Amino acid sequence: MTDQNWDQYSTYLQLDKVLDAQTPWSGTPGASDFSHDEMLFIIFHQTYELWFKQILFELDDVQTRFTRNIVDDRDIQPIVARLNRVVEIFKVLERQIDVLETMLPQDFIDFRDSLRTASGFQSLQFRLIETRLGLKRDDRLLFNHCPYDRDYAAPSQEAIRTAEAQTTLHDQLDAWLARTPFVDFGGYKFWEEYRKSVHKMLDDKEALVRKSMKDDALQRELDGIERGRQKFDSIFDKKSTGWRLSDRALQAALFISIYRTEPMLQGPATLLSLVMDIDALLSRWRYRHALMVQRMMGLSVGTGGSTGYSYLMQTLEQHRIFKDLFALSTYLIPAAARPTLPDDLSREMGYRYTAKAS
Ligand code: HEM
């Protein structure tokens with residue numbers, strides 16, 4: 001490689017800027033007050049911010065494709081590819097914590113005061129990811145009785161408000177699911193058929209246990225079946241509240257999960273699965289981060305001013321975004337009990353090309 005080629009590498013990547021951006025606040029290397037591990041701490045956070053930038057870049061593309069009124073089937077593959085990349089990045093972010101944990105709590109305490117009030121809590125890109133995915137301001141934990149961004153710099157507050165004003169991935173997914181055509185196809189109404197199948201499944205089960213059991217064991221089984229009936233009635237009769245997805249979107253998500261092997265539904269099923277992966281990985285990252293925080297600073301308050309570990313553990317449940325997709329599994333039934341699709345609908349969801357007999 002010639003000198004010129006070498007220069008192009010560092011020019012292209014702007015390495016002069018990137019590699020000149022690590023300035024420990026505890027002192028300069030070699031000085032008596034310098035903390036060796038602060039370099040790791042800085043590089044660690046910087047790599048996170050770079051990955052956050054890539055996640056936002058992928059979300060830009062995914063959300064643009066979802067903005068179209070009718071999402072073209074050809075858009076599903078790129079959306080799936082981008083979301084899959086986001087999933088893999090989140091896996092790296094979680095695993096990366098292993099590297100930071102090579103820093104001992106004592107080594108962290110040595111430079112912690114020099115961070116002053118700097119905290120990952122102030123990461124704008126992290127807030128944009130949460131917001132763009134669908135975490136709503138009203139659903140967030142209060143931070144010292146105030147909105148979390150109260151003390152952010154004005155440009156960051158503005159960027160968050162702008163993101164909040166846009167349609168989130170959660171809501172785009174809701175609208176896209178609600179438009180799924182096959183749930184209501186000709187005379188076929190999936191929801192009605194599903195209700196009938198569930199009732200038949202539970203009635204058959206009841207008849208069986210009445211035949212084969214008695215006394216306490218029978219009563220226990222009957223109670224279980226009754227609980228099953230009530231559970232299903234709560235979605236069929238819309239008695240249950242607390243769902244964030246619309247009724248129509250929930251029905252479509254269930255339909256897609258149940259008939260996921262139909263060719264037309266394979267892409268949408270993968271898409272839903274990836275969105276759940278993102279939700280789960282974000283929670284896993286929150287948990288790993290909270291454990292690391294407890295290891296580093298015990299029960300001390302954070303540099304950002306929160307209760308530290310206990311605040312972070314609360315976000316784990318409260319800041320979930322796609323919980324409905326997980327809760328839907330409550331309403332799955334065995335394949336043998338599910339409604340059979342009408343032939344014309346099944347054909348509609350199949351591959352159109354049939355090889356000519358030779
Ligand atoms: C020794 C390492 C770390 C410690 C002790 C630590 C500590 C904390 C604490 C105590 C909080 C709660 C807010 C506060 O009071 O400051 C917090 C929040 C946060 N930290 Fe860290 N952190 C560490 C590493 C990281 C890293 C590497 C990242 C990656 C960017 C990060 C990102 C965040 C984020 C995004 C929040 C906000 C979480 C939320 O509000 O849901 N932290 N951190």
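As the structure lists them, so they are numbered: ligands from 1, and atoms in each ligand from 1. The structure displayed is predicted, hence computed values, not measured ones. Hydrogens, waters and symmetry mates play no part in the numbers below; they use all other heavy atoms, side chains included.
In this structure, the protein non-hydrogen atom closest to atom 13 (C) of ligand 1 is Ser306 OG, 3.3 Å. When only non-hydrogen protein atoms are considered, atom 3 (C) of ligand 1 lies nearest to Met292 CE, 3.8 Å. Annotation: atom 31 (C) of ligand 1 to nearest protein heavy atom, His289 NE2, 3.7 Å. In this structure, atom 34 (C) of ligand 1 lies nearest to the protein heavy atom Gly120 O, 3.3 Å. Closest to atom 25 (C) of ligand 1, if we only count protein heavy atoms, is His45 NE2, 3.2 Å. Closest to atom 8 (C) of ligand 1, if we only count protein heavy atoms, is Val293 CG2, 3.7 Å.
Inter-residue side-chain proximity for Phe52 and Leu93 is flagged as met; some heavy-atom pair is nearer than 4.5 Å. Taking 4.5 Å as the limit, every side-chain heavy atom of Val87 sits out of range of all side-chain heavy atoms of Arg82. Counting only heavy atoms from C-beta outward, the side chains of Met292 and Leu100 approach each other to under 4.5 Å. Counting only heavy atoms from C-beta outward, the side chains of Asp149 and Arg127 never approach each other to under 4.5 Å. Residues Pro105 and Met297 are not in side-chain contact: their nearest non-hydrogen atoms beyond the backbone lie 4.5 Å or more apart.
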- [ ] Applying side chain to side chain donor-acceptor pair (under 3.5 Å), run through Asp215 and Gln219 and close with a yes or a no.
- [x] CA-CA 6 Å; Asp215 305 331; Gln219 197 50 52; over 6 Å; no
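Looking at Val301, Leu312, Leu40, Leu316, it is Leu312 that brings a heavy atom closest to atom 38 (C) of ligand 1. If you check each of Arg295, Arg286, His319 against atom 41 (O) of ligand 1, the one with the closest non-hydrogen atom is Arg286. Considering Arg127, Glu130, Arg140 only, the shortest heavy-atom separation from atom 37 (C) of ligand 1 involves Arg127.
Checking each of Arg320, Arg286, Lys136 against Glu130 for a salt bridge (charged side-chain N to carboxylate O under 4.0 Å, His left out) leaves exactly one that passes, namely Arg286.
With hydrogens and angles ignored, the 3.5 Å screen pairs no side-chain donor or acceptor of Arg65 with any backbone N or O of Ile76.
For Tyr259 and Phe255, the distance between ring centers is under 6.0 angstrom. For Phe143 and Tyr311, the ring centers sit closer than 6.0 Å to each other.
Of all the heavy atoms of Tyr148, none lies under 4.0 Å from any atom of ligand 1, so neither backbone nor side chain is involved. Neither the backbone nor the side chain of Ser123 has any atom closer than 4.0 Å to an atom of ligand 1 (non-hydrogen atoms only). With a 4.0 Å cut-off on non-hydrogen atoms, Trp285 touches ligand 1 through its side chain and not its backbone. Within the 4.0 Å heavy-atom criterion, both parts of Phe121, backbone and side chain, lie near ligand 1. Contacts with ligand 1 closer than 4.0 Å are made by side-chain heavy atoms of Leu100 only, the backbone lying farther away. Counting heavy atoms closer than 4.0 Å to ligand 1, residue Phe108 contributes side-chain atoms (C-beta onward) but none from N, CA, C or O.
Interface atoms of ligand 1 facing Met297, defined by a heavy-atom separation under 4.0 Å, are 5 (C), 10 (C). Of all the atoms in ligand 1, the ones that sit under 4.0 Å from a non-hydrogen atom of Thr315 are 41 (O). Shown in contact with Met103 at under 4.0 Å from a heavy atom are these atoms of ligand 1, numbered in order with element: 1 (C).
A 6.0 Å sphere centred on CG of Asp343 holds no more than 12 heavy atoms belonging to other residues, nucleotides or ligands.
Taking any N or O of Tyr311, backbone or side chain, at least one lies under 3.5 Å from an N or O belonging to ligand 1.
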